[in-house]
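Written below as C-alpha cells is the structure these notes are about.
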2 protein chains.
Amino acid sequence: MAPRTAADIRRSNLFQVLRRVFAAAPTSRHEIVAESGLSMATVASIATELLAAGVLLEVAPATRSKGRPLTRLALDPAYGSFVGVDVAETYLHVARYDASLTEVASTRREVDGEVRTPEDLERHLTDLLAQVTADRSTVRAVGISVPGLVDDESGVSVYAPNWDWRGVPLRARLSGRWQLPVHLDNPLKALMVSELWHDPDAAEANWAVVNLGTGVGAAIAVAGELYRGASNSAGEWGHTTVAVGGRECRCGGTGCVEAYIGAPGLVAFIEQVAPGHPWTTLGETAAVQALAEALAAGDDVARQVVAAAGAYLGAGLANLVNTVNPERIVLAGWVSDLLGDALLEAARPGVEHQALARPLQSVTMSRLTRPGNAVAFGAATFALEASLSQAHTEGSR
Amino acid sequence: MAPRTAADIRRSNLFQVLRRVFAAAPTSRHEIVAESGLSMATVASIATELLAAGVLLEVAPATRSKGRPLTRLALDPAYGSFVGVDVAETYLHVARYDASLTEVASTRREVDGEVRTPEDLERHLTDLLAQVTADRSTVRAVGISVPGLVDDESGVSVYAPNWDWRGVPLRARLSGRWQLPVHLDNPLKALMVSELWHDPDAAEANWAVVNLGTGVGAAIAVAGELYRGASNSAGEWGHTTVAVGGRECRCGGTGCVEAYIGAPGLVAFIEQVAPGHPWTTLGETAAVQALAEALAAGDDVARQVVAAAGAYLGAGLANLVNTVNPERIVLAGWVSDLLGDALLEAARPGVEHQALARPLQSVTMSRLTRPGNAVAFGAATFALEASLSQAHTEGSR
DNA sequence: CGACTATTTACAGGGGTCGGAATAACTGCT
DNA sequence: AGCAGTTATTCCGACCCCTGTAAATAGTCG
C-alpha cells in the first residue's frame, strides 16, 4: 500500500513509532527521534496521540544525574489483550498477550491426526482459547495463523495442504462463534510481522523469513513491509522447483524445496541414507528430534542426512538470494529450532556456490532464536495492528 | 522508495500522470483522472507544472458536439531527445528518441566477439552515437543497458559475465567522453521500465518481465515500481537453480535456468537431442534462428529441443509465480522474439504442474510483441525519467 | 535559586490532496 | 447577435502532513 495521501504517511510513521517503542522496551522520545529519523515535533505529536488513545503509557521516569529526568514510553498493557494462535500441522498453540505484547498465558495441544474438519479445529481452538482467557471481554482481537494459502481480506483458508481444505471461511466462523474480531493469515506472514516488530531497524529493509516445519515457506518484506503479491501467496518458496523431475511433493508438483527439507523430506533422506533406520518409523516430529539428538552426539547417519538436505536447502536459499536480493534471511520454524545451526551450516556451501557474488555479498543468513512461539506472537501482532489501524482511522474521522 | 514525505507523493503522482499521457497518446485530463484515481485538481496542477516545464504540450483540441472542447495532452517532442543503448552480448543497438519517446533514428551493429575491453565498447558506441545524432547538443541524456550486474547509483558495471568485466566505471567514462548525462542499468530493468511506461495500468501491479537471450534474467515490479533489492541484483532469476547438480552454468553454479534456456543452453539441447546436428556449429544466434525456422516447418528435432527447454523454462517460471506471485509475466528478448509463442507454449504445462493453484490463477503469461528494441527504448526512458526527476526536484528548490 | 535536560506548545513555512465555485470555450437554439 | 446549455479547466480555501525554531514549562540535582 504505497502512501497516496498525507494521511498514509501519518499512519506509517505512527506504526513506526509504535514498533520502536515496543522493540526498545521503555524508550524515550529522544531515542525514537534518533533512530527513526523523524523530527522531535512529529514524534511528540504521535506520542501524545497514542498516549491519549491509551495505547502508550509513560513509565517511571529515569532520573539522571542532571536535569529533568526523561519520561519513558511503553505500550500500555492495560489497553487490552490479544490472542495469537498458531495452527500447525501437528499441534495447536494458543497464547494470550497483554497490549504490550508480553505473553500472559499460553497453552499447547498436540493434535497429530486429530484435526480433520474445520469443526474439529473450531472445537479445539474454542477449548484452548478458554484456557488462556478468563474473561473474554478483555480480549480486543484474535490473530490466527493457518498453514497454507490464506486470503487475508476475506479471512478464508484458501488451501490447507495437510487437511486438503479448500475455501474454508475460518474467520467468519470463529469470529461469529467467539464474538471477537479475528484476523487470519499464514505462519510466514505472522513470523515476518513478528520480526518487523522486534527489529524495527530491519523494518526499512528488503529481506525474507524462511519457515522450516512440516511445510516450508518464506515471507518477503519489501522496504520493511510484508509483501503479499497479487493474491497473498507470495513467498510460497517451499513449492519452488529445485530439481526438475525430482521427488514428488504433496502439492502435486515434483522437486519442490519442501519435498527435501520439510520434516517428511528429512525422514525421506533418513530412509535414503540408511534404509530401514528405526527413526523412519517414529513419525516426523519424533524423527526430527531423534535426528537432532544424534547429530549433537556426532552420529554419522544424522550427519549425512543433514548434509544431503542441506544441499537442497542451499539451492533453495540461493534462489531466494538471486531473485529477491534480500539483505538478510532468517530461518525459523520447529525444524530449524530443533536442528539448530547445523542445517544452516550444511546449506551455506550450497548457497555460496549457487548465489551470485553481488547478492550473496549483501545477504546475512541467521537463525531466529527468539524464545517463545514466534508464530503465535506474530498472529497476535496482526490482531494488534489491525485493531490499532482501525482505531486510528476511525479516530481521525 | 516508500514515500516518506509529501514531496514523494507528488513525484510519484507526477510520474504516473506522465506515463499515462505517454501511453494513451493524446489524452485529456479527464481521462487521466478516470484512470489514475487522482482528483481533477491534482491532475490539473500536475499538468500545468509539466506544461510550464515544457515537457507536455497541448495538442489540437478535439471539438465535441456540445460544450467546451477538451484540450489534449501529449509529450512535447521538442523538449529534447534521449538516446537509448542496448549493449547485448552479440550486438549493439543505439536509438535516438524525441522527448515523446518516438524513435527518430537507430542503428545496429553485430559485434559478436569484437568487443573485449571497455575501450572497444567505448569506441563502437561513440561511433554509433554519432550515427544517430547529428547535433549532440539536443540530446538531454543517454541511457545504456549493459548485461550483467550493474550498480545503478555509481554507474558501474559490477559484473558482465560474457566479457568477464568486473567493476568497470562505464558511466563515468562515457559521460566524460560524450559530455552528456549517462544512466546505466541492465536490460531487465530497462525492459521493465519500458513496460511500465507503455502500460500504466500495470503500473499499479506486482509483476515480472523475463528476458530470454544469450543470458537470461527477470525484472520484478512491486506496486508498479521496479524492485531492485538490496544491491540492484533482484531478479537474477537466470541463475536460479532448477536442477541441483545439473548443467554447469557460466556463473559458476550448476543447474541454473540460464544453462537450459539461454541461447547456449538451447544449442546444448540440440546437441543432446541430435548429436552432431549441423545447427550446433552455427553459433548461437544463427542456431536459434535455424531452430525457429525449422520449428515453423514442423521439424521434429526442433520440436524436441523446444519441448525439452520448455520444461525447464516452465519450472523456472513456476518458481517465479510461487515466490513473487505476480499478476503477469511477460517474456521478452531476442530468443523469445525468434521462437515466438512456441517456447511459451512448451513451458505452460510445466508451469501449471509446478505452480500452486492460487498464484497460478492470478497470473497471466504473455510474450512482449511491441515492435522495436524494447531494451533501447527502456534505456532511453531511464534517461528521461532521471532527467525529469532531477528537473523536478531542482525546480521546486 | 540556578543549572540543566526533557517535553510541550505555538507558529511559520513548505508540501500535498480534495471538493466545490468560478471561469472559459464551444455549440445550438432563439 | 445573444443567451442557454454543456463540458473542460482553473482557482480558492479547507485540511492534513512533516519540520525547524523558539519560547514556555517541568522536574531534579546541587
Side-chain angles (χ1 to χ4, degrees), chain A residues 1-17 21 26-34 36-52 56-74 392-397, chain B residues 1-17 21 26-52 56-74 389 392-397:
Chain A
M1 235 173 260
R4 294 236 138 289
T5 151
D8 293 322
I9 296 181
R10 176 67 166 193
R11 206 202 1 253
S12 142
N13 287 344
L14 186 140
F15 272 101
Q16 189 188 171
V17 168
V21 170
T27 354
S28 67
R29 294 166 175 77
H30 270 119
E31 266 184 67
I32 298 178
V33 168
S36 69
L38 296 172
S39 74
M40 188 70 226
T42 302
V43 172
S45 120
I46 291 177
T48 32
E49 180 179 338
L50 290 172
L51 244 16
L56 288 190
L57 188 68
E58 291 194 326
V59 303
T63 111
R64 307 279 208 76
S65 53
K66 293 180 177 180
R68 174 178 177 173
L70 39 69
T71 59
R72 293 233 198 70
L73 298 172
H392 178 245
T393 53
E394 272 174 9
S396 64
R397 230 193 305 161
Chain B
M1 235 171 260
R4 293 239 140 286
T5 150
D8 293 324
I9 296 181
R10 176 67 166 195
R11 203 197 9 248
S12 142
N13 286 345
L14 187 141
F15 272 102
Q16 189 188 170
V17 169
V21 170
T27 354
S28 66
R29 293 166 176 79
H30 268 117
E31 265 183 68
I32 298 178
V33 168
E35 286 168 8
S36 70
L38 295 172
S39 74
M40 188 71 233
T42 303
V43 172
S45 120
I46 291 177
T48 31
E49 181 179 338
L50 290 172
L51 244 15
L56 288 191
L57 189 68
E58 291 194 326
V59 303
T63 110
R64 307 282 207 74
S65 53
K66 292 179 179 182
R68 176 177 175 173
L70 38 69
T71 59
R72 292 232 197 72
L73 299 173
S389 180
H392 177 243
T393 54
E394 272 175 9
S396 63
R397 228 192 307 162

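The basis for the numbers below is simple: all heavy atoms, side chains too, and nothing from hydrogens, waters or symmetry mates. Values in this document were obtained by computation on a predicted structure and should not be read as measured data. Each chain gets a letter, A, B and so on, in the order the sequences are listed, and its residues count up from 1.
Checked against C:dC18, D:dT19, C:dC26, the side chain of B:Pro69 finds its nearest nucleotide in C:dC26. Ranking C:dC18, D:dA8, C:dT8 by closeness to the B:Ala41 side chain, first place goes to C:dC18.
Remark: C1' of C:dG16 and CG of A:Asp8 are 12 Å apart, rounded to the nearest angstrom. Distance, B:Gln16 CD to C:dG16 P: 16 Å, rounded to whole Å. Remark: C1' of C:dG14 and CD1 of A:Ile9 are 13 Å apart, rounded to the nearest angstrom. As a whole-Å value, the separation of A:Leu56 CG from C:dT8 P is 12 Å. Atoms CG (B:Leu51) and C1' (D:dT10) sit 13 Å apart, rounded to a whole Å. As a whole-Å value, the separation of A:Glu58 CD from C:dT7 P is 8 Å. One atom, CE of A:Met40, and another, P of D:dC18, lie 14 Å apart when rounded to the nearest Å. Look at CZ on A:Arg29: it is 18 Å from P on C:dT5, rounded to the nearest Å.
Side-chain contact between B:Ile32 and B:Leu38: absent, with no pair of heavy atoms (C-beta onward) separated by less than 4.5 Å. Side chains of A:Leu14 and A:Glu49 form a contact here, defined as non-hydrogen atoms less than 4.5 Å apart. B:Arg29 has its side chain within reach of B:Thr71: a pair of non-hydrogen atoms, C-beta onward, lies under 4.5 Å apart. Within the 4.5 Å cutoff, side-chain heavy atoms of A:Glu58 are placed close to those of A:Leu73.
Between B:His30 and the phosphate of D:dT7, there is no side-chain N or O to OP1/OP2 separation shorter than 4.0 Å. For the OP1/OP2 pair of C:dT17 and a distance below 4.0 Å, the side-chain nitrogens and oxygens of B:Ser39 include no atom meeting the criterion. Put simply, B:Thr71 has a side-chain N or O that comes within less than 4.0 Å of OP1 or OP2 on D:dT9. One finds a side-chain N or O of A:Arg10 lying less than 4.0 angstrom from the OP1 or OP2 phosphate oxygen of D:dC18. Between B:Ser28 and D:dA8 there is no side-chain polar atom (N or O) within less than 4.0 angstrom of OP1 or OP2. For the OP1/OP2 pair of D:dA8 and a distance below 4.0 Å, the side-chain nitrogens and oxygens of B:Arg72 include no atom meeting the criterion. Dashed line: the shortest gap from a side-chain N or O of A:Asn13 to OP1 or OP2 of D:dC18 is under 4.0 Å.
Judged by distance alone with a 3.5 Å cut-off, a donor-acceptor contact links the side chain of B:Arg68 to the base of C:dA24.
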Walk me through it: do A:Val43 and A:His30 pass the test side chain to side chain contact (heavy atoms under 4.5 Å, CB included)? CA-CA 9 Å; A:Val43 172; A:His30 270 119; over 6 Å; no
